[in-house]
Amino acid sequence: MLIIAETKRVLKNFMHTHPEMGTLEMEGNQNHSETDFAIRIGGEGGEGVISAGELFAQVAARTAYQVFTYITYPAEIKGGFSMIQIRIKHEKIYSMGSTVDYLIAFNQQAYDVTIKDLKPGGTLIYDPDEVEIKEDLNAECYPIKLTKLVVDATGAKLGKNVVALGALGHLFGVEFGVLEKLIKDRYGAKGGDVIKNNLNALKAGYFTAEEGNWEKKFKLVSDTQAKEHYMLISGNEAVALGAIAAGCRFVAGYPITPATPIFETLTDLMPKVGGRAIQLEDEIASLSACIGASFAGEKAITPTSGPGLQLMGEQLNLASMLELPLVIVDVQRGGPSTGLPTKTEQSDLKFAIYGTSGEAPRVILAPSSVEDCFYQTIRAFNISERLQMPVVVLTDQSIGYRKATVRMPDLSKIIEVDNSVSGETISIPSPEKIELASRIQMDPEKLNEYKRFLDTATGVSPITSPGLKGGQYLGGGLEHDETGKASYLPDNHLKMMRKRFKKLETLTHILEKNPPEYEGPEEAKIGVIGWGSTEGAIREARMLAEQRGILFRHLHPKILSPLPESQVRNFLAGLKQVIIVEENFTGQFAHFVKAKFGIKPIEIHKSEGVPITPEEIFTGIEKVARIVDEKNIARL
Amino acid sequence: MLIIAETKRVLKNFMHTHPEMGTLEMEGNQNHSETDFAIRIGGEGGEGVISAGELFAQVAARTAYQVFTYITYPAEIKGGFSMIQIRIKHEKIYSMGSTVDYLIAFNQQAYDVTIKDLKPGGTLIYDPDEVEIKEDLNAECYPIKLTKLVVDATGAKLGKNVVALGALGHLFGVEFGVLEKLIKDRYGAKGGDVIKNNLNALKAGYFTAEEGNWEKKFKLVSDTQAKEHYMLISGNEAVALGAIAAGCRFVAGYPITPATPIFETLTDLMPKVGGRAIQLEDEIASLSACIGASFAGEKAITPTSGPGLQLMGEQLNLASMLELPLVIVDVQRGGPSTGLPTKTEQSDLKFAIYGTSGEAPRVILAPSSVEDCFYQTIRAFNISERLQMPVVVLTDQSIGYRKATVRMPDLSKIIEVDNSVSGETISIPSPEKIELASRIQMDPEKLNEYKRFLDTATGVSPITSPGLKGGQYLGGGLEHDETGKASYLPDNHLKMMRKRFKKLETLTHILEKNPPEYEGPEEAKIGVIGWGSTEGAIREARMLAEQRGILFRHLHPKILSPLPESQVRNFLAGLKQVIIVEENFTGQFAHFVKAKFGIKPIEIHKSEGVPITPEEIFTGIEKVARIVDEKNIARL
Amino acid sequence: MKKTLQDYKSIIEPVWCPGCGDYGILVSIQRALLNLDIDPENIVSVSGIGCSGRLSHFLNTYSLHGTHGRAVPTALGVKAAHPELTVFAVGGDGDGLGIGGGHIAHASRKNVDMNYLLIDNQIYGLTKGQTSPTSPLGVKTKTSPHGVFEDTLDAIPIFLSYDVSFVARANGVDPKSLTQILMEAISHKGMSIVYILSPCRTFPLLDAKGLKAILQPLPEDHPTDNKMVALERAYSDQPIYTGIFYQVQKPTLEDRLQNVITKVCDNTNGGDKYSLDKVLKSFA
Amino acid sequence: MKKTLQDYKSIIEPVWCPGCGDYGILVSIQRALLNLDIDPENIVSVSGIGCSGRLSHFLNTYSLHGTHGRAVPTALGVKAAHPELTVFAVGGDGDGLGIGGGHIAHASRKNVDMNYLLIDNQIYGLTKGQTSPTSPLGVKTKTSPHGVFEDTLDAIPIFLSYDVSFVARANGVDPKSLTQILMEAISHKGMSIVYILSPCRTFPLLDAKGLKAILQPLPEDHPTDNKMVALERAYSDQPIYTGIFYQVQKPTLEDRLQNVITKVCDNTNGGDKYSLDKVLKSFA
Ligand SMILES: Cc1ncc(C[n+]2csc(CCOP(=O)(O)OP(=O)(O)O)c2C)c(N)n1
Ligand SMILES: Cc1ncc(C[n+]2csc(CCOP(=O)(O)OP(=O)(O)O)c2C)c(N)n1
Ligand code: SF4
Ligand code: SF4
Ligand SMILES: [Mg+2]
Ligand SMILES: [Mg+2]
């Protein structure tokens, strides 16, 4: 039943590019300047599918290639369908792609669910004791008895994933020693038997592939320089690192999928940099503690996901009213309610913008890639310190669990912005210039007439922190006057509402000064707007579309609220049709944009718990392109 | 310094209308068919200003006149400015009006803050030991030493309000015995000394006015028939009574201003009708208990306000996911955060519509008057039972604390709708026909293939409750298939999202069938949209405008989400300009309408913690009318 | 027809890891219900979020799998509305003692006649191994990579201080005694908490052997009506006692609510309930 | 310059009802701070919502008047971030034992060095007289018009079961002994709770005379390090004892956090903190 691939199209793409950065030796003597392929491993939750994939990604990341992973797994600890996809490319990768070149199926479910995504002529590796394959499959098929091999090698069933890792390693020409070291690094702490069994499993896989004469693709040789220049990190890790880089030294949190890894990473890192990480009894307490820490003068963060964000609503309001800086990261998951905890969705935007009783300003950011998670988190801290308000960073499961090679930030480019004297200027840092804003501090000379909530031109007021003599003030959730004293007078309420919302205008004015952020040609008549983790997929859809002669512009705002209005208007100018792409059911960003700009976009929603693919977006856009064309014809 | 009113315009309006329903004898021999005047009492929180006013309102309500009160008081227990306004009219009253005819000022603050609202030639009653009045005041002024009188009469300072009640009673010709009985009813439980002191204070006021030869206005003679036909209730009480009438026998709650009186009323009433009222430790527990009660088969309600509603977000989502009927009443107050707990604002709408993570359908109702609070609450229960989803009823402080004479509902018109067999028809009850919907029940014959979350044409599924053999099912917050079993498959998520949202479409289709709900002439070019408690003020503004030749149409949807789209489009048709009136800062309903209908309304926002007045609305509309006129000119 | 264990099993297969302590607890609950011959349709099981929270999926009852930490007030609503039902609340150590910890004292003050099964594996299992309120000091977890630094929450003394009317600790891997305790809890009129130690196989801090070594049944003559003795034995950590520490009779929420109804109607309406008409007229 | 009471008074005048017990508590706090000579700028007072929650308005400290029930975790954040500050959390019986009740056990497990002043007037004062968790059984309130039917929450045994490291009860209308207890609480390293009985004048369930009659200081020789004795005396209701029931030394949150920092840096970085560069490189 072993079917030989019709074409070797895929193989042709493997090549050796940046020789200065590492060695990747081709087996097939072909030389192409482009490499781009994807491997998927699928099996049952608890079989270690994901950890095997991540180890393999680690090997790949230490070559000259870029790596990008996508993970999905069930909400149960064991059982259910789990998979990891690893895309490897010679240049920056923007999405997980729409299809895969290699599929490793641990069981029938993995085969059934994902075989449709295997490219014609791709490679299938499968356990013949578990998986029955279709007769007419157009693929190069390698059977490998994962369970049998691991039982033979270790006497137990655990470790199929390591067998698979061994086989994969061989297929891609990884030296056995490199794999051996990986295993030792990962399982070293668990001691003797665990290590021994894992190494036996690894050998079984590696040599089965060797003995089966699996056609070697190319050699992934590890590269020390790549290690210096790149990190292979997940979006969640990027957020945690962004917080550390931004000078945050306080995290309070409560575990919740898929945000937990941010908190886990920070509990590990905080003490290393002299910061404090505290797990609390729930999300309400977590945000309360951040408010306390911020009141005391510290930069504070709490990571969460939908159900937790909801519980934080009342405290989010309080932070806005106290005008305290702090950052909340919401790694969105499938909703509503407990929903699909391990699946992705962009469905908390409405809550982030509108989700408090009364009207309390805050800023919403949405990073668009793993790397962007790092920079937007820094930006979130800067904005929150400068505007004295909570900033919500919206990521999602797909970006949070995605791993990608990220260029090491240039620390020499960090500029500490001391803003203790004047609160009037606020600029936004960018990856090119990492700015770190400190808290706008009160001039101690002026403490005589100190008004904590002074209504200034920007809306931003001087602030003191405990320890500063004479700076004592009352911050409270009741409506108050400029000094902080409670006041329920009609005029005062209106004045203070204006003051607090003025800060959003201040930010908008600054954002307007930035160069336009959209991509794609001026002459395009179609505009696509997306936000957050879909950026890469839309970008690839744009390339697909260009190949077919369809041009579109792509706006992907990183700051979702307040929107830089004139920038959006710039983007909209001259467009015949706007398409808004989101991973939710009701079109949340579209709703917001419609209310603000009075446009009537076509909305592409995906509400299935899995990321939208470039193909899906392209298909939608192609349809729109036809309509726009017809309109053009009709008008001529 | 006693200034005689220039005109007796106001007095002229007092008259004796419905003789069949009671007696109101005019002193001034005038006979007019229209009566409409307002009394305001202002003083310090804790002085009993409001209770004196409410007692007086009670007297007035037992005549042939309609009564309408408005209350504002500080968030502190004692101190701060407190006031009650009582409007008395020969026909239905829609708002508290823009000015007052009588002002009773207990202290200087009350005088300073409210004197501007006294009509020229109105009547001022004040304590000359506390209040200094302007030389040139155009009013009929009666000084009365409230503090001195009460100290003389009782030996203590408590009871100024009862002195004022006595004086007011005399002014309006109430028999002393009627007042005496009121006091005994109110303070009876407190026993000997309290009663004695209060009666002494009452006498002091009554006879001081008599001795001072205060010009008697007319006699408010109590009337037993009015008592049979009308209730004098607050919006909060109307909600509580609506719940009881709707068959709700379970309330769980946590006190929060200004929603507490709903809960207090229900804790009193529930045991009387055999129901259960439980106070819980917080709002999360309260809504949890309602979910439990609804799961067990009971109609359940929880009243709250902004900060509490936020805490309920996660459970609101759960209720939507479990597809359980229940009703949440949010009596909105000034926000954000603790905000202005005792002031009014319409600023929780966004939260009610959007305020959950993920996407969970629910219905939002907003009663527009005290009477409407009763009927919309019944409607809320009906919709929630029929659609199996939570319904949020949005009222606000001004309507919650407002008291008005409400016609006694005709209980003979109650129709019990048994809906246990078919879930396919849903109609909405109206004041003319009080429908009471019972829960859509599963046909016990069909329990073999029972699917709790069956995807039907309406989206509404058969439901069972504990006790029914064979009806056991799993309801959960995880995404699930039709049987309730957890499922994270992409197709299933999309299907179930569709199913849940389909119920909103079902409701929309039904709403579309209702006759158009707007008022005002077809030919008007201006349309005004409002929601909730502003209805009366907009209605009066419409009358003001008509008097000056400006016509507008007025749409005041009671169901805010889902909006009956075609009805709104009907209303919008032919309009040159739409104005949206709301008591908030950002224009929450306007945002929603803009996103849905792509219109560009002019927005009138008031964000001062006090209700918008007919005059304020009229002023805004007048400006718009001028613009629309200019546009007309420009177009000709 | 005589019931069998099957009557208490739902059609959904448990999804716990092989070897998880929760399997045994599930069977013990089913066996206790069978022994007491309670009709499945008269049982409501409410659970929180966690591996333990999945329990309600596998019981053939009216099952409500709610949110994290709210099983107790949700179950309270069920029982208050329909006192004739047998009501369970189920959740883990994080669910019940962390996020949901504030609810127990108040359910106890009302003495809601529910059976609260608190399944303690000393870890957040479902979210894959973070610190819970009962994780031992010093152990490394995913959110305590440098060791847990908070004191462990000692649940039994806390429940006693709340005056919960039935307080027991059980060994989750000893199904016989667990079933026995569950039967007593279900039969108890009033709030009962059965605090069950259950090993997590995937993030193991407890195991069957270890439990056996440290646990010991309360002395036969343990007086269940003496709070101070109960407290003293609750504080003992060598051995750690299992069994019923405390059991008292107090009016249940059902009794309390019924008393109010009876009193009000007796005093103000000659023993009858008010008609809607009478309610409305009282506002005239 | 020597400080005076004035240094601890904010410019805002108290707004409580005349005769409210909270006035005396405010002065006692100010006096305790004066006696201990703590600089106002190094004090943070966090309060919840309620009449008692207003207390922070009137203290010349860095004052944070937060939301209902969250004073304890908010104060925890302040103290964790800046251990050198003197931190108060203040709230009422509803705020602290009702909606916020779930937080105390966990702050206690961390032994946060804060002073939590729980002011019990047995009623929801600010919202005008509804049932609180400590309202006596049977009394009529606005939300218990037919009488409170839940058992009263007994706070001191609960705090003891949480192992709060300093637990005291005080008579709010006895400023001398209250000041003394507050000074001890502030000086205590670790979490201290001072549970203060304070009469509400407007919804009176307690009054000064009544308090005097039922309260009695703990015996002079009361051993503050003995949990069982503390519990026994906490349960006494004739007399109801005031004073320090329990006081133990445990590492504070500050100690615990500092230990982690020191240990990690010692073990993995030769005692130095990591540079940002080193942190990033560890992900390469
Ligand atoms: C509001 C909210 N916060 C966090 C979570 C994530 N979460 C799910 S289960 C769980 C803890 C589970 O631990 P435990 O209660 O001990 O149950 P176990 O899995 O160990 O049985 C957490 C934190 C959630 N579902 N909801
Ligand atoms: C989330 C939320 N729920 C309810 C309220 C309303 N509320 C304000 S104070 C209070 C209770 C006050 O009682 P207590 O804590 O005993 O303080 P006291 O006024 O008696 O000092 C309540 C229920 C609120 N502010 N926030
Ligand atoms: S993670 Fe632990 S508690 Fe959860 S199912 Fe697996 S073994 Fe059981
Ligand atoms: S209501 Fe009671 S507690 Fe509140 S200020 Fe007045 S007397 Fe004090
Ligand atoms: Mg656990
Ligand atoms: Mg209180």
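Computed from a predicted model, the values in this text were never measured in an experiment. FYI, side chains are in, hydrogens and waters are out, and symmetry mates aren't considered; it's all heavy atoms of this structure. Naming: A, B, ... by sequence-line order, numbering from 1 per chain.
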Q: Could you tell me which portion of C:H65 (side chain, backbone, both or neither) has an atom closer than 4.5 angstrom to a non-hydrogen atom of chain A?
A: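 For C:H65, no heavy atom lies under 4.5 Å from chain A.
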
Q: Chain C contacts: which residues in residues 256-264 of chain A have a non-hydrogen atom closer than 4.5 Å to it?
A: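 The stretch touches chain C at A:T257, A:T260, A:F263, A:E264.
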
Q: Against chain C, label A:I284 side chain, backbone, both or neither, depending on which of its atoms sit under 4.5 Å from a heavy atom there.
A: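 Neither part.
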
Q: Check the side chains of A:D268 and C:H146 for a donor-acceptor pair under 3.5 angstrom, ignoring hydrogens and angles.
A: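 Present: a donor and an acceptor within the cut-off.
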
Q: What's the verdict on side chain to side chain contact (heavy atoms under 4.5 Å, CB included) for C:I99 and A:E283, showing C-alpha distance, side-chain angles and the deciding distance?
A: CA-CA 8 Å; C:I99 191 168; A:E283 288 85 353; 3.6 Å; yes

Q: With chain A, which of C:G98, C:P145, C:P133 has the greatest number of heavy-atom pairs at distances under 4.5 Å?
A: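 Most heavy-atom pairs under 4.5 Å with chain A: C:P145.
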
Q: What donor-acceptor contacts under 3.5 angstrom involve side-chain atoms of residues 300-308 of chain A, with partners at least two apart or in another chain?
A:
| residue | atom | partner | partner atom | Å |
| --- | --- | --- | --- | --- |
| A:T302 | OG1 | A:A252 | O | 2.6 |
| A:S305 | OG | A:V331 | O | 2.6 |

Q: Filter on salt bridge (Lys or Arg N to Asp or Glu O under 4.0 Å), then keep only pairs touching residues 5-26 of chain C, sequence neighbours left out; what's left?
A: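 As it turns out, there is no salt bridge (Lys or Arg N to Asp or Glu O under 4.0 Å) pair with a partner in residues 5-26 of chain C once direct neighbours are skipped.
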
Q: Within a strict 4.5 Å, meaning less than it, do heavy atoms of the A:Q279 and C:F149 side chains meet?
A: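 A side-chain contact under 4.5 Å is absent here.
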
Q: Under the criterion side chain to side chain contact (heavy atoms under 4.5 Å, CB included), I'd like the reasoning laid out for C:H68 against A:Y254: C-alpha separation, chi angles, the key distance, then a yes or no.
A: CA-CA 12 Å; C:H68 193 36; A:Y254 188 74; 2.7 Å; yes

Q: With a cut-off of 6.0 Å (strictly less than), are more than 12 heavy atoms of other residues, nucleotides or ligands near CG of A:L158?
A: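 No, the 6.0 Å shell around CG holds no more than 12 heavy atoms from other groups.
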
Q: So for A:A285, is it side chain, backbone, both, or neither that comes closer than 4.5 Å to the heavy atoms of chain C?
A: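 Answer is neither: A:A285 stays 4.5 Å or more from chain C.
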
Q: Would you be so kind as to tabulate the donor-acceptor pairs closer than 3.5 Å made by side chains of residues 24-31 of chain C, with sequence neighbours excluded?
A:
| residue | atom | partner | partner atom | Å |
| --- | --- | --- | --- | --- |
| C:S28 | OG | C:G24 | O | 2.9 |
| C:Q30 | NE2 | C:Y8 | O | 3.2 |

